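A quick note: this is a predicted structure, and the numbers were derived from the prediction, not measured.
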Amino acid sequence: MAQATARHILVDSEAKCEELKKAIEGGQDFAEVAKQHSSCPSGRNGGDLGSFGPGQMVPEFDKAVFNSELNTVIGPVKTQFGYHLLEVTSRS
């Protein structure tokens, strides 16, 4: 069974998500941006979601995590929770 580790930032608007993505691509640390801006409890841990397999997250999230490049900021990804920036840190 495939497994991935990822971190994410959850915000309530696509515009905010795009703004944070530009900041990270401009050199800001993903974990620090997550701590400051993510509305998900994982934000306290730099957005770290740990390890999970297909089907453990909502479908939009799963699709992005299991079909994207590693160590690249992905998003915005819209789910029922809001807008996410994702970074897949490993996959097996």
Rounded to the nearest 0.5 Å, how far does CD of Glu14 lie from NZ of Lys78? 9.0 Å
Assess the residue pair Val73 and Leu86 against the criterion (side-chain contact (heavy atoms from CB on, under 4.5 Å)); give the C-alpha distance rounded to whole Å, side-chain angles, the decisive distance to 0.1 Å, and a yes or no. CA-CA 6 Å; Val73 179; Leu86 310 168; over 6 Å; no
Residue pair Val88 / Ala6: nearest heavy atoms and the distance that separates them: CA-CB, 4.1 Å
Out of curiosity, does Val33 fall in the hydrophobic cluster containing Ile74 (side-chain heavy atoms, cut-off under 4.5 Å, transitive links)? no
Heavy atoms of Pro76 and Leu85 approach each other most closely as N-CD2, 4.4 Å
Pairwise side-chain contact, Leu49 with Phe61, heavy-atom cut-off 4.5 Å (strictly under): yes
From Leu10 atom CG to Cys17 atom SG, the distance as rounded to the nearest 0.5 Å: 8.5 Å
Tell me the salt bridge (Lys or Arg N to Asp or Glu O under 4.0 Å) pairs involving residues 47-59, sequence neighbours left out? none
Does anything in residues 79-92 form a side-chain hydrogen bond (donor to acceptor under 3.5 Å, both in side chains)? List the pairs, not counting sequence neighbours. Thr5-Thr89, Thr5-Ser90, Arg7-Glu87, His8-His84, Thr79-His84
Hydrophobic clusters here meaning ILVMFWY residues chained together by side-chain heavy-atom distances under 4.5 Å, can you tell me if Phe81 and Phe52 are in one? yes
Consider only side-chain heavy atoms of I, L, V, M, F, W and Y, link residues closer than 4.5 Å, and tell whether Val77 and Phe30 are in one cluster. no
Where at least one partner belongs to residues 20-29, residue pairs that pass salt bridge (Lys or Arg N to Asp or Glu O under 4.0 Å), sequence neighbours excluded: none
Please enumerate all residues that pass side-chain contact (heavy atoms from CB on, under 4.5 Å) together with Ser13, with sequence neighbours excluded. Ala15, Lys16
Residues two or more places apart in sequence or in another chain: which of them pass side-chain contact (heavy atoms from CB on, under 4.5 Å) with Asp62? Pro54, Met57, Phe66
The side-chain contact (heavy atoms from CB on, under 4.5 Å) partners of Gln36 (sequence neighbours excluded) come to Glu32
Would you name the heavy atoms of Gly43 and Ser38 that are closest together and state the gap between them? CA-CB, 4.0 Å
